[in-house]
Enquirer: 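This structure is in structure tokens; I'll ask about it shortly.
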Amino acid sequence: MILLRHIPFLRAVFLHSVTAFGGPQGHYGMMIKTFVHQRHDVNEQELMDYNSFCQLLPGASSTQVLTLIGYKRGGVPLAVLTLLIWILPACILMSIFSFLLYFIDSKTWGMDLFKFIQPMAVGFLAYASTKSFKLAVNNPITKGIFIASSIVTYLLFKSPWIFPVLIVLGGFVTNLSDKRIPQKGEPPKKIKWGNIWTFAIIFFIAGLFSELARKNDWPHRSAYNLFENMYRFGSLVFGGGQVLIPMMYEQFVERPKSPQVQRKNFDKKQNVIQINREDFYIGAGIVRAIPGPVFSVASFTGGLALKNKGLSWQIAGCFIGMIAIFLPSALLVLFFFPIWHNLHKYVAVYRALEGINAAVVGIMVASTFYMMKDISLNGFKTISGLNIGVIISTWLLLSFTRLPSPVIVLICLLLGCIV
């Protein structure tokens, strides 16, 4: 009976999962529209705090934010259900594509249908930026942090370390003032240490079994190696999918060709995991054209990693990739969030939040302009005019109408088919 009252929320999560294009930046704009303004599951300040907190953690940030919305509504059980409903559609699609790989034309697949999805995602991000700006940037200190973080992020966008560094510096700067003190609020949440112990134990065991499988040439060595690789990525990647994909490329495409790896494995019957470069590029392209988390590319690469072992092992590879890549994100966010919540009661952290939120808004604005670099906006071409129109129209529809986010996505998909 307790679960029944959450069915409308879970239905909204599912609709979000099948319409959330544009990566974590676009996802955040859709969350504001769906879970703040339409459903009121959280308010704007709470969502901004969740987003700022998740930017400090490794893993899939938009997945972690959505998991926290579920956690707020119904604790750990609902958080887990929210996570599964969010990741499953994208992971299932990417798993299917790993089987249909040789029927896909990497140059033309889906280009017409999805041609206006990127400008739409920029419109969502612009909407999220304007809403967050009004909330977080409201005094000289936060304005300075916002301007500095916008400029630095734009210049160093491809450096994953820049996001946590800017957030920490923003929190430090606002602590130089002693004017603000925390208000009394909710009682501190109890910290469950089991999550962090589970995370650490799995990390250790995965690494141990992966190395034992390599040294002893176990028959199904690649499955152990795959789990360890994906779990490590999910534990250490800052910067989202834009950082994950290059790391996967190095691990599965380039690293197996290195002389050092070949020397360590020359006498083994079981080969190191290796994925064809063209196949990897196809998966990296497709994952950006479907809704849901970019981390779902792990299901695709997991399937390719074990495809030579037969159908059942390829299915297992897709499943291993999905579980291993998202499990660290869930364990970390559900462990550290109660600590973060408790720290809100301390003056230093309360003041730091002001600078952290301003830095995150700066990152969002810089991301908006950075994403626009890859869209045709210049010249008197029809496609350029339409792209500009899609960006502006998306922002206007989100800002001044009650039109649901999935409807806007559908309009842009239909526009891609017609034009």
Enquirer: Is the closest basic N to carboxylate O distance between Arg73 and Asp41 below 4.0 Å?
Expert: yes
Enquirer: Is the gap between the ring centers of Phe146 and Phe133 under 6.0 Å?
Expert: yes
Enquirer: Report yes or no: does Thr34 contribute a side-chain atom to a donor-acceptor pair with the main-chain N or O of Met31 at less than 3.5 Å?
Expert: no
Enquirer: Donor-acceptor check, side chain of Thr153 to backbone of Ser150, threshold 3.5 angstrom: yes or no?
Expert: no
Enquirer: Donor-acceptor pair, Tyr231 side chain versus Phe199 backbone, under 3.5 Å?
Expert: yes
Enquirer: Rounded to the nearest 0.5 Å, what's the gap from CD1 on Ile96 to OG on Ser299? Could you check?
Expert: 10.5 Å
Enquirer: Are Ser296 and Ile87 packed together at the side-chain level, in the sense that at least one heavy-atom pair is separated by less than 4.5 angstrom?
Expert: no
Enquirer: Is the distance between the ring centroids of His40 and Phe35 under 6.0 Å?
Expert: no
Enquirer: Step by step, would you call Arg221 with Leu212 a side chain to side chain contact (heavy atoms under 4.5 Å, CB included)?
Expert: CA-CA 9 Å; Arg221 160 194 170 176; Leu212 287 173; over 6 Å; no
Enquirer: Determine whether a donor-acceptor pair (N or O, by modelled atom type, separation under 3.5 Å) exists between the side chain of Ser399 and the backbone of Leu396.
Expert: no
Enquirer: Listing request: all side-chain hydrogen bond (donor to acceptor under 3.5 Å, both in side chains) pairs with a residue in residues 315-328, at least two apart in sequence or in separate chains.
Expert: none
Enquirer: Test side chain to side chain contact (heavy atoms under 4.5 Å, CB included) on Ser132 and Val360 and set out the steps.
Expert: CA-CA 9 Å; Ser132 300; Val360 169; over 6 Å; no
Enquirer: Can you tell me how far the CG atom of Leu68 sits from the OG1 atom of Thr63, to the nearest 0.5 Å?
Expert: 11.0 Å
Enquirer: Determine, step by step, whether Tyr224 and Arg214 satisfy the side chain to side chain donor-acceptor pair (under 3.5 Å) criterion, reporting the C-alpha distance in whole Å, the side-chain angles of both residues, the deciding distance to 0.1 Å, and the verdict.
Expert: CA-CA 9 Å; Tyr224 294 97; Arg214 185 194 68 80; over 6 Å; no
Enquirer: Looking at CG of Leu398 and CD1 of Ile408, how far apart are the two atoms once the value is rounded to the nearest 0.5 Å?
Expert: 4.0 Å
Enquirer: Could you walk me through whether Met94 and Phe295 pass the side chain to side chain contact (heavy atoms under 4.5 Å, CB included) test, one step at a time?
Expert: CA-CA 10 Å; Met94 293 306 296; Phe295 273 50; over 6 Å; no
Enquirer: State the CD1-CG distance between Ile320 and Asn229, to the nearest 0.5 angstrom.
Expert: 11.0 Å
Enquirer: Looking at the rings of Phe280 and Tyr249, which for Trp means the six-membered one, are their centres under 6.0 Å apart?
Expert: yes
Enquirer: Could you walk me through whether Leu66 and Leu83 satisfy the side chain to side chain contact (heavy atoms under 4.5 Å, CB included) test, starting with their C-alpha distance in whole Å, then the side-chain angles of each, then the deciding distance to 0.1 Å, before giving a yes or no?
Expert: CA-CA 7 Å; Leu66 198 58; Leu83 172 66; over 6 Å; no
Enquirer: Between the side chain of Thr301 and the main-chain N/O of Val297, is any donor-acceptor distance below 3.5 Å?
Expert: yes
Enquirer: Please name all residues satisfying ring pair (Phe, Tyr, Trp, His ring centres under 6.0 Å) with Phe203, sequence neighbours left out, ordered by chain then number.
Expert: none
Enquirer: Taking Pro58's backbone N and O only, do any of them form a donor-acceptor pair with Gln64's side chain (distance below 3.5 Å, no angle check)?
Expert: yes
Enquirer: Ignoring hydrogens and geometry, is there a side-chain-to-backbone donor-acceptor pair from His27 to Ser62 under 3.5 Å?
Expert: no
Enquirer: Does Glu228 have any side chain to side chain contact (heavy atoms under 4.5 Å, CB included) partners at least two apart in sequence or in another chain, and if so, which?
Expert: Ala206, Ser210, Arg232
Enquirer: Would you compute the distance between atom CG of Asp279 and atom CG of Leu304 and round it to the nearest 0.5 angstrom?
Expert: 6.0 Å
Enquirer: Measuring from atom CD1 of Ile356 to atom CE of Met48, what distance do you get when rounded to the nearest 0.5 angstrom?
Expert: 12.5 Å
Enquirer: Is it true that a side-chain atom of Asn43 and a backbone atom of Gln45 form a donor plus acceptor pair closer than 3.5 Å?
Expert: yes
Enquirer: Is the Phe337-Phe53 ring centre distance short of 6.0 angstrom?
Expert: yes
Enquirer: When you measure from the side chain of Thr142 to the backbone of Ala358, do you find a donor-acceptor pair of N or O atoms at a distance under 3.5 Å?
Expert: no
